[in-house]
Amino acid sequence: MTAARYVGARVLRVEDPAFLMGRAHYLDDITPPGTLHAAFLRSPHAHARLVSIDTSRALMLEGVHAAVTGHDLRDEPPFTTTIPTRPECKTGTRRLLTIDKVRHVGEPVAVVVARNRYIAEDALDLIHVEYELLAAVMDPEAALAPDAPLIHEELGDNDFATIRFSAGDPDAVFARAPHTFAKRFHFGRTHAAPLEGRGVIGDWDAVSGRVTVWTSTQMPHLVRGLLAGQFGLPENRLRVICPAVGGGFGLKVTLFVEEAIIPLLSRQLARPVKWVEDRYEALAASGHSKEVVMEVEVATAADGRFLALRGSYIGDGGAYLAHPWTSLIDPLCAASFLPSFYDVQDVSYIVRTPFTNKCPAVAYRGVGWTSGQVAREALIDDVARELGIDPVEIRLRNAIPDGEPYLTATGASYDGGSFSESMRRAAELVGYDQLRVRQAALRREGRYLGIGVSPFVEQGGWAARIAAVNGFPGFAYLDSVGVTMEPDGTVTVASGFQANGQGHETTLAQVVADELSVPFESIRVVQGDTDAVPYATGSYGSRTAVVGGGAAMRAAGDVRTKLLRLGAHLLEASPDDVELADGHIRVKGSPAQAVTVKQAAAAAYFGPRPDDLDPALSATRSYDPPETYSNACIVAVVEVDAQTGKVVVERLLAVEDCGTIVNPLVVDGQVSGALAQAVGAVLYEGLPYDTDGQFRAGSLADFLYPQATEVPAIEVSHLETPSPVTEGGFKGMGEGGLIGGPAAIVNAIADALAPFGARIERTPLRPCDVLELIERGGERDRAS
Amino acid sequence: MDDQSGTAPVAAGTTPVVPGIGHAPAVWAAGLVRLRVNGEPRSGVAEPRTLLSDFLRHELGLTGTHVGCEQGACGSCAVLVDGELTLSCLALAVQADGCAVETVEGIAHGSRLHPLQQAFQLKHGLQCGFCTPGMLVAARALLAATPDPSEQQVREHLSGNVCRCTGYTGIVDAVLEAARALRESGEPGA
Ligand code: FES
Ligand code: FES
């Protein structure tokens, strides 16, 4: 490729002005003519038999067009969800609207369509539902007991899958190791909680046979394919339009039943139908994430070197499987990255995925890598304290060597990273040694400062190979990008990697601009409409820079080859004797002989051009990359008020290495945003249920987002070890802050509370939880 | 809209005539609301219960004002009503009758970004953009009252506005940068 001019630069985002002026259109900003509005009636019970539903009074309300229950949709096929390539998995089914019973608070039981949303909600109050309460199963471990009440009777028990893995001989190593340590950690459920919730508009045009679905998603083509199957429609009859998305973070890589129900209501009523979830629905009934009960063990040598790792991961899957990923996305990803940053070859794990009467578990940035990282890193800090080794030192002693390819015990092929270097750099930037001095001084004043470190390896570019490494084998991925040079030399890039805040209209344009040696401003990226862009599975799993960037480079490369031929033809030179640079095609060694890219583009459309050249200046290429891995180290500094239990996060620092950086502005933003989510997940965002299954976090007064006053100014710095195996050397990094951040914060709090003998075994750590830790630690001390 | 729409309904009573069934009681009659929005006289129809956020968005078509919670907790619906920072999801359209309302659509000068908006772009103060209108409106209110805020003042002032994407670093930098730019250019903050 030509010398990078845009890749690596802090290019300001082209998408910003529309957002800043209030001109971007999100789902609820779109209302096709004649639209009716839907509202869902949702279960107030965790587990109950549906005895009867009476919608007759709702239908009497003026302005109501329909009130639909599970009986009305009983002929629609259910969602059928499994991982067919994993024989351990059962197959879960879910009716679009339940008929027999409700399985979690917030599950939809009926839907009303009315002239406007106000009337639809009025009508919900007129639906009478009779329930017969059943015992609720709220604890993931209890759900696995042989006598636990069944959530899906047809499955025979509550376990979606039990998966075992072992490499080397960890049990033998444990049996003879000088030290062994174990830790239990229950990572609490949290919520991706994008500020824009879910929303769907369906427009079923029976005359043309076309169905248009607007939805706030990260995966327009997968939605199209899944819905086409659901509706028995040819895929090319369905059009999925995805307007501006107000955040996704993995939640919107799920297909939700509402996305199927709303178009069916449009079919029934022959009018567009729109539903936008409210915040209660988002909190109670979209998807929860990351709740895994873990037990991790490490066997060590006398000098603290890790010899073997074992892990048990019970992922609370909630009432239904996330479609299509299933509830394995948390516990299996956690387990697959048990060794992560550390050179340990004897590793085993067991993964279990119970159903419970809670909101279904769905992906959220970092999926199970987050909770797995917390358990492992908290364990390592315990080991460091017990053995009297500094937490940075013990990690460096066990780190995978920098720079070389490395095959992990769980089968991941790392493509080289700056593992130890990132950690050393992070310690240096945070002023680690000085912080230890300050910590000691403050402790003498009765103030509790804590420092937590969390180095990690992050998969980049989820596609066939990385999916297999994470336990989802046997799938191919098709992710393509189209690049077209127009007659005037401007370029249109068509991308199915639906952005939801990451700035693809800028970053993909940077990549293509360099490849074609054209001004960044001459490129326009189109996305958000399956009628307008080639197939791609979407934007998730830190994949767009790697997979989308790679596909864009390949497509642009094809266009570039044609440009060189066109230029050579104009210059009456051989294609081998010309080069592309600075927007010109020049004869090598004789730079005055040149034509502009624009002239070459015009020649493709209007001539003159070589007779044997297919002049279409357009290419669609795909990319299913080899495995690639970023790495990073997060450091958190906190102060804990031992009187009130309040934790103040003083500093959050990241040293990250995502290979070739496309746009440092965007990378910094991704790290910063993910680290703020880490603060939320650890300190604020509980999603409690009581033992009867009542949901206790139905509003933003209960589910607390971290705000500007709770998040410090986040410090990000970069190392750059380009991938030797991917197009462009990109590695992908969108999730890292939320993979490494929570462990850093948990460890910092544990470090602060070390004088109290406190042992952290769960999140969230609200002030009341911290006070309890201090008290219990004290009791343990007195007892011992 | 009722923020509990997704919750279980109260089981309906047995009387056949309940408000809203069959006919709308006179007290629910929709009426005309007249106000100034971003300097222009506007009017539209609202029921007494119509939220100001819904009125702006769906009656007047000003969809720049966003709705993130309808619980008064996220700030994405912030507008200025007669200069006062107001959560439009907690106000009724009829309350704004006769008032001057300013929304995100009124900040730029035509197609030219206001210095505050420029600073948001420069400092990467937005990702998905959903919180951005509320942030901009809240930041304008701050800069009008406090042209030279400290970082802590910015953070405290914006603590009613949630951003799920940026971690606030870019937003806080942007507001400080805008304050500087506005002071230097001598433009009034608001
Ligand atoms: S929508 Fe008004 S505060 Fe959230
Ligand atoms: S930019 Fe997405 S919520 Fe702030």
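Just so it is clear: chains get the letters A, B, ... in the order the sequence lines come, proteins before strands, and each one is counted from 1.
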Identify which part of A:Phe695 has an atom lying under 4.5 Å from any heavy atom of chain B, answering side chain, backbone, both or neither. neither

Of the listed A:Gln677, A:Arg13, A:Glu710, A:Arg23, the one with the largest count of heavy-atom pairs under 4.5 Å with chain B is A:Arg13

Any chance the side chains of B:Gln152 and B:Glu156 put a donor and an acceptor closer than 3.5 Å? yes

What class does the angle between the rings of A:Phe40 and A:Trp275 fall in, given that below 30° is parallel, 30 to 60° is tilted and above 60° is perpendicular? perpendicular

Interface moiety of A:Leu195 toward chain B, non-hydrogen atoms closer than 4.5 Å: both

The interface call for A:Asp54 against chain B, heavy-atom contacts under 4.5 Å, is neither

Does a sphere of radius 6.0 Å around CZ in A:Arg696 hold more than 12 heavy atoms from other residues, nucleotides or ligands, not counting ones at 6.0 Å or beyond? yes

With no hydrogens and no angle check, do the side chains of A:Ser216 and A:Glu196 hold a donor and an acceptor under 3.5 Å apart? yes

Side chain from CB out, backbone as N, CA, C, O: work out which of these in A:Pro712 comes under 4.5 Å of a heavy atom of chain B, or both, or neither. backbone

Part of A:Val245 lying under 4.5 Å from any heavy atom of chain B: backbone

Let's test your reading of the structure: which of A:Leu283, A:Val105, A:Leu700 forms the most heavy-atom pairs below 4.5 Å with chain B? A:Leu700

Please work out which of the three classes, parallel, tilted or perpendicular, describes the rings of A:Phe19 and A:Tyr26, given edges at 30° and 60°. tilted

Taking atom types as modelled, find out whether A:Glu277 and A:Ser286 have a side-chain donor-acceptor pair closer than 3.5 angstrom. no

Region of A:Asn500 that comes under 4.5 Å of a non-hydrogen atom in chain B: backbone

Heavy-atom contact with chain B under 4.5 Å, split by part of A:Ala244: neither

Whether the side chain of A:Asp702 engages the backbone of A:Ser699 through a donor-acceptor N/O pair (distance < 3.5 Å, no angle test) should be reported. yes

Structural part of A:Ala192 lying under 4.5 Å from a heavy atom of chain B: backbone

